[in-house]
Amino acid sequence: MLDDLWNSTYALLSDTEFWLAVVSTLVKVIVILVLARILLGVLKRVITQILQKREGKYVNVSEQRSKTLTSLLHSVVANVVYFIAILLVLDELGFNLASVLVGAGVLGLAIGFGAQNVVRDVITGFFILYEDQFSVGDYITTGQYTGTVIDFGLRVTKIQDWTGEVNIIPNGHIEDLKNYSKENSYAVVDMRVSYGHDLEKLQQLIMDASLVVYHSNENMIEKPDMLGIQEISESGAVIRVIALCKPVMQWGVEREIRRAILDSFAEKGIDVPYQQVTVHQKEA
Amino acid sequence: MLDDLWNSTYALLSDTEFWLAVVSTLVKVIVILVLARILLGVLKRVITQILQKREGKYVNVSEQRSKTLTSLLHSVVANVVYFIAILLVLDELGFNLASVLVGAGVLGLAIGFGAQNVVRDVITGFFILYEDQFSVGDYITTGQYTGTVIDFGLRVTKIQDWTGEVNIIPNGHIEDLKNYSKENSYAVVDMRVSYGHDLEKLQQLIMDASLVVYHSNENMIEKPDMLGIQEISESGAVIRVIALCKPVMQWGVEREIRRAILDSFAEKGIDVPYQQVTVHQKEA
Amino acid sequence: MLDDLWNSTYALLSDTEFWLAVVSTLVKVIVILVLARILLGVLKRVITQILQKREGKYVNVSEQRSKTLTSLLHSVVANVVYFIAILLVLDELGFNLASVLVGAGVLGLAIGFGAQNVVRDVITGFFILYEDQFSVGDYITTGQYTGTVIDFGLRVTKIQDWTGEVNIIPNGHIEDLKNYSKENSYAVVDMRVSYGHDLEKLQQLIMDASLVVYHSNENMIEKPDMLGIQEISESGAVIRVIALCKPVMQWGVEREIRRAILDSFAEKGIDVPYQQVTVHQKEA
Amino acid sequence: MLDDLWNSTYALLSDTEFWLAVVSTLVKVIVILVLARILLGVLKRVITQILQKREGKYVNVSEQRSKTLTSLLHSVVANVVYFIAILLVLDELGFNLASVLVGAGVLGLAIGFGAQNVVRDVITGFFILYEDQFSVGDYITTGQYTGTVIDFGLRVTKIQDWTGEVNIIPNGHIEDLKNYSKENSYAVVDMRVSYGHDLEKLQQLIMDASLVVYHSNENMIEKPDMLGIQEISESGAVIRVIALCKPVMQWGVEREIRRAILDSFAEKGIDVPYQQVTVHQKEA
Amino acid sequence: MLDDLWNSTYALLSDTEFWLAVVSTLVKVIVILVLARILLGVLKRVITQILQKREGKYVNVSEQRSKTLTSLLHSVVANVVYFIAILLVLDELGFNLASVLVGAGVLGLAIGFGAQNVVRDVITGFFILYEDQFSVGDYITTGQYTGTVIDFGLRVTKIQDWTGEVNIIPNGHIEDLKNYSKENSYAVVDMRVSYGHDLEKLQQLIMDASLVVYHSNENMIEKPDMLGIQEISESGAVIRVIALCKPVMQWGVEREIRRAILDSFAEKGIDVPYQQVTVHQKEA
Amino acid sequence: MLDDLWNSTYALLSDTEFWLAVVSTLVKVIVILVLARILLGVLKRVITQILQKREGKYVNVSEQRSKTLTSLLHSVVANVVYFIAILLVLDELGFNLASVLVGAGVLGLAIGFGAQNVVRDVITGFFILYEDQFSVGDYITTGQYTGTVIDFGLRVTKIQDWTGEVNIIPNGHIEDLKNYSKENSYAVVDMRVSYGHDLEKLQQLIMDASLVVYHSNENMIEKPDMLGIQEISESGAVIRVIALCKPVMQWGVEREIRRAILDSFAEKGIDVPYQQVTVHQKEA
Amino acid sequence: MLDDLWNSTYALLSDTEFWLAVVSTLVKVIVILVLARILLGVLKRVITQILQKREGKYVNVSEQRSKTLTSLLHSVVANVVYFIAILLVLDELGFNLASVLVGAGVLGLAIGFGAQNVVRDVITGFFILYEDQFSVGDYITTGQYTGTVIDFGLRVTKIQDWTGEVNIIPNGHIEDLKNYSKENSYAVVDMRVSYGHDLEKLQQLIMDASLVVYHSNENMIEKPDMLGIQEISESGAVIRVIALCKPVMQWGVEREIRRAILDSFAEKGIDVPYQQVTVHQKEA
């Protein structure tokens, strides 16, 4: 039997067709590897160019972030290209990958259904980074959470409530968001007054009180603006005054304006209306 | 062994069938490439014609936007056509792409489930652009966000609250939207009066006050319109007056009308009703 | 080598089997094209007949809309039939389409998940057109939007609020809808009166006031109808009167009836009840 | 070359194996068609029998509706059976349908995702018809819509509000429904009385008033029923009386009972309680 | 040509290999059918045994229902086994079922997406039957519907409101349910009393009144139980008394207890508290 | 013809290759069965070991439950292993299972979509059992249902409301749950007092009353704990006292504490505050 | 026949091609196993390195947890690699795995749909562990549950309400979470005062009272901070004071501050405002 084995091996090695197959396979493998290399180079250059272009035009990408993104994308592309190349090479070497791939695929799908949240988290995280939606230190609202971003990772973001609690949120849950730190914001104060007063005089009084805050508090960056009668409610007319403030500073300014108006009203003897009811008495 | 290799190679090169296969393959490859080229040309011309037609007929497409759309669609079509052509060529050259494609497909599906939101965002973004649903500077409401559009990209839109906060919204979340900047809008003022007054006189008074605003405020572009008794509530009858205004100017006009009516009521000694209660006294 | 190539080509051309394959392929291609042509003709005739039948029987299809639908369906069917025919022909010509189709399929699925909303929008749009659910100019409610339809396309519908804002809604979101413009509508006025009055007399008074409006306002197309005591509430009995009006005119009529009733009550000295409370006094 | 073509054709026609294949194919085709025919006959008979059985036993199927259903199901089954038979025949004739089917399948899936709502609508429509859930003219509630069914199609149902508006609802949205027209309904009147009265006497009074309505209004088909003290609320005890009425007539009867009770109370000098408050006075 | 046909047929019939294939196919077919038969027998016996076992142990299955279930499951299993057997046989007979199955599969999936609700309804219906969740005549709550089950089918259940309306609900919507008819239920009466009274005496009074009902109403099957002070509200202390009643009889008993307590309070001169307010008077 | 058949059968039986195939097939079948047996043994031992380990370490598994789990898992594993082994054997015997499996697969998927709820119910049921989330007799809340578990099966759980109604809930709906029977719970009593009282004295009074209950009621297992001022409301200050009780006994204890506090307040002449209002009188 | 069998076996064993196949198969199997071994080694080293790197940089991973994670990931990777290797080996040995895999795949998918929740739970559990989102003993809020984590497993987390109830939550439901134990938190006290008081004095009084708590309670770790007028409500001005506390200690501190302020107000004779109403008397 050993002899048979030896003979057959020898016969194989001296068979022209065998060597032909070997050569053909080798050539194909080399071609695949070279093509993968070239494709990878081209893709990397394209990524770099796109990101450099974008830097100037659409998005305000800092150099630091640009580098992070470039190297991240390069490594992703390299992995995908080499993964496919290896599959092709193994296929040429005669391994029947189809059934393995199907088996792995079914397994992968089962896990994939469970893990798709993780993939979604990372992809959303990438876009938050790429589009610079917020940075650590910004004060944002997303879903039911409002607070300061204290940590930002590819999968989760940590937001600290102003009262101190730490909220941990998967990036995939950050769909819409409101960023308070990007632009100046208006402080809005609604002052309710009872009917019967001279509205002109009251508006002036409220304006004056707001101006006092403007001169003492540098967080208010423009003179306040008197909007007028916002609502005619059952408890009195509502006068609205607004004032442009530095980001995230509007709530402090609102408190100061409220205090100034209340002090001013107290000084002038104008009462702040409680709930107002007109009672028509009838003897039962 | 080297000799065997050489002989087999030589035998191959002098084999008619081999050359036949080479020729047939080359011809097929050339046919594929030529067909792809022609198909691409035809598709591009069709796109251009469709967009030009549409320009005149259905949609109000500015020339600038038309060019952007055309070049965008040309590049998408070119990519798809060449991608398929390359697959066909590789197939003809004897690379077994089936298993690779299946492998890549499973991988792609796994990522695709996670990334479908991104695809959806871009497609919705394209339609917002193509159908001109809103432009930068428009004041819109979408979902729970209302504000001025300050940035519009293919994936996200940025909307600034009137109080200054920046909302970042993936386009895929902009399903329905309300655009305040497209058409003139009505200012609507509901004035509550207690029962017992002469309604005819009160309606005249409210109308006169609104007309004063009409003559002083150019944002109101038509004379106000007295609708009549909108509601018979527990606190009094509600009289509604409306006035057509320039887009996004209606809230300011409403505030002015409210002020004018309150001033007029004060002058005539007509009280604005607080909550009204009829009390039937009983000794317990 | 060139010689080999030439010889092999010559051998091929003089081989009977080769020509047999060519003939067989040609015949198959011709059969496919002819069958496609015939099938297309049959399908078109079927569509035309179905639409003509429907015209008379079920749906109230105007001739104009019938033509639009017919040509739309003809072009859809033609595209599908020729697409399949071309695939069959290419297959017969020896292009291995399987792997390409799988590749394109995976790509298509990835996009399809994102784009299914667009397909859904167009299909719903088609049914709105085909079933004549609403036309431009109708006043409708769908989801949270109520207003006049100012534009209807295959993908989006534009609805203008009565206050002027333009709502842009993908057709796929128009699932249920309420159309106010199809049929006459009832104006409904609920009048609250305090207990202790003679209900018969009050109902007569309200009826008389409504009749005055009926004689002066042609939007009310039938005499009002006194329904009776709708509710026994904590604030008094509620008397309901209704009146059939032309479509979308009911709100104006309601306002006029309210005014007439209030005037009539004022004349007769009947008070409209505010909130009513019986107070049992106790010294604490 | 033409000669070669002719020769090869001749050779083919005189080849035994060729004719063998032709015969075998023809036989298979005939067998397929005959089997399809037989299968179809069997299926149709089964459908007819099932529907006839059901007629007697479970469902109250009118003869008219039974015929509609039978012919509808026959045509569906015929289409499906012939479609599969044609696929089998084409397959035997040597057309490679696999790739075409896959291509069409991917296309179909893409459309299918969008169109599945339409399929769902039609299937639900079929079941509404088959199970006789409602008929045109019935007064039903489904989801947020309540009204009279004015049109019922396989895809949409039209329901008219009692105030006249037409609601258009895809059948797939009619999941649960409440049908008011199938059975007699109870009118339910809850009468609030202040504490301190003799409850026995009050219940008798309410009962008497309801009986008056019973004798005058033929929509009430049984004597009213005094349920007793339904609730002990902050504003008084609530006495409930109910009365069986013809379908959809209960609201009118309720209004008449309310009127009768109020008249009876007025006559006897019993007051209907407003909101009741016990006030404990304290000097601040 | 006819001659050729005849010769080839003859040659075929005298070929050994042909008959070999015929024999082999026949044997395979017979084996398949015999195996299917055996498998079916085994499965049926298993089903019968499982159901008989369950009868005794876990579920309270009546003999009637057991038979229905057994025959239902037998027919389902028979259909599935024969369906697979026929596929196997057709396959052996040389029909290429793959492409047909794929075609039918795609078609089936398209319909399946639409029809999955029906499948879900039937499966849920089966489990309601098998687990005896409710029977016709039971008073149940499921989702937003509460009423008496008047009809139960495999696909839909009909529930009649106590006021008479018929609700039609697909079984698939009956996910959780509350069954009032399975067990005795407690009547729960919460009696509000003002502060300042002797709580011991009041609890005794309420208990006595409940006992009176216990002695007169046989729906109350146990002596009432005094729970004590359930709530200390702004309007007084709330005393809770409960009483075990026959199923679905608790609401009538509650009404009787309420009446008895109110009568008892009236007799003893204890007032039922209205809304209680302490007023601190201040001159403005 | 019969002769041909016989000859061919004889030829087959005397053919070496035929017997070779038979031998090879038999060997493969035996290897498969042996391997399946071994694999099954290994898997069973692994399961037993894992469960025994767990018993000691992580989960508090009683011996009884451990046995149930072990035998359940053994039978599941045995079914799966033998099912795969039978498929392999049939495959080796030359039955083409691919098309059958695809056909059955499509069928299975169609049913699977409908039946996935059942699978989900059983899997969740298994985990509830395995993790000992609750037992029959526990008082739990899940979703909108709260009550005592009276029956637990693999598919549904029955929970009885404290008022007696039986809720039937598929296990798949029991996602989160609150188990009241696992640990001791706190009784929480919030007592509202009017402002102006000596808070120290009041807290002492409430504490004393709670201590009385502690000494008389053995369900309270620790001395009560005075938390302090929980809220400063419009109706008075809210004082909170808590007390650790045996599981599910806290509501009874709360009622006793409330009673004790009210008695104590009555004795000391401290009033329980009703709604408090400060009225500023103005003549209109 | 036995002789034939023997002969064929002998012929096989002396056939060169047979041995060639055996050798080739053996070599392939060995190559597969060696490659799997190497791949596994590489993957393990990569995992270890990544985790060690992370330890220093991004995440605060304790050495203990790092080891747990490393061994967990090693075992997962080993299982996957060996599973694929075994599939490859079986494939080389000539077992046709394709159909088995498809069959198992369909079965797997059916179960997978039901079991995907379990996979999702475990994956989320892994990330909670890896990212150290919370530990046993932390006080967290997730969804509608708030309490102390008393048990954390890979599939479920147990959270105990502060009142004692045990909540059992699958990890997959812990999407967002709020962790109270990570950082110091602010106690927030809002004190309502009636208008007309000197706000400066009141703010000082509230600040002084808070400082008293600061000096006596070590859970307050920073001096309190007076924010100012938080709201101008119908019942009075709202003054807010905040104080930084140790984690989870803020609620106790809030209660103490409330008590201190109430005591201080009582001492100074400042009343805490009840609901305030201005009544305009009118004789009806």
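Numbers restart at 1 for each chain; the letters A, B, ... are given by sequence-line order, proteins then strands. If you're wondering where the values come from, they're calculated on a predicted model, not measured in any experiment.
Between the side chain of B:Arg258 and the backbone N or O of A:Ile229 there is at least one donor-acceptor pair closer than 3.5 Å.
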So A:Ile232 and B:Val272, side chain to side chain contact (heavy atoms under 4.5 Å, CB included) or not? Walk me through it.
CA-CA 9 Å; A:Ile232 299 181; B:Val272 185; 4.0 Å; yes
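One finds the CG atom of B:Asp161 at 8.0 Å from the OH atom of A:Tyr180 (value rounded to the nearest 0.5 Å). We find the OG1-NZ distance between B:Thr278 and A:Lys282 to be 6.0 Å, quoted to the nearest 0.5 Å.
If you measure heavy-atom distances from A:Ile242 to chain B, the contacts under 4.5 Å come from the side chain alone. When heavy atoms are compared at a cutoff of 4.5 Å, A:Val279 approaches chain B by way of both its backbone and its side chain. Looking at A:Asn179, both its backbone and its side chain come within 4.5 Å of chain B, counting heavy atoms on both sides. Contacts between A:Glu200 and chain B at a heavy-atom distance below 4.5 Å involve backbone atoms as well as side-chain atoms. For chain B, the nearby part of A:Ser233 is the backbone; its heavy atoms alone come within less than 4.5 Å. Contact of A:Ala187 with chain B is not made at all, since no heavy-atom distance falls under 4.5 Å.
When all heavy atoms are compared, the tightest approach of A:Ser185 to B:Glu165 is OG-OE2, 3.7 Å. B:Lys158 approaches A:Glu131 most closely through the heavy-atom pair NZ-O, 4.5 Å. Minimum heavy-atom separation, B:Val156 to A:Gln133: CG1-NE2, 4.0 Å.
If you look at B:Tyr274 and A:Tyr195, their ring centroids are closer than 6.0 Å.
Contact count against chain B (heavy-atom pairs under 4.5 Å) is highest for A:Leu177 among A:Ile140, A:Val277, A:Leu177. Contacts with chain A were tallied for B:Arg192, B:Gln275, B:Gln276, B:His173; B:Gln275 has the most, counting heavy-atom pairs under 4.5 Å. Heavy-atom pairs under 4.5 Å with chain B peak, among A:Glu231, A:Glu175, A:Glu183, at A:Glu175.
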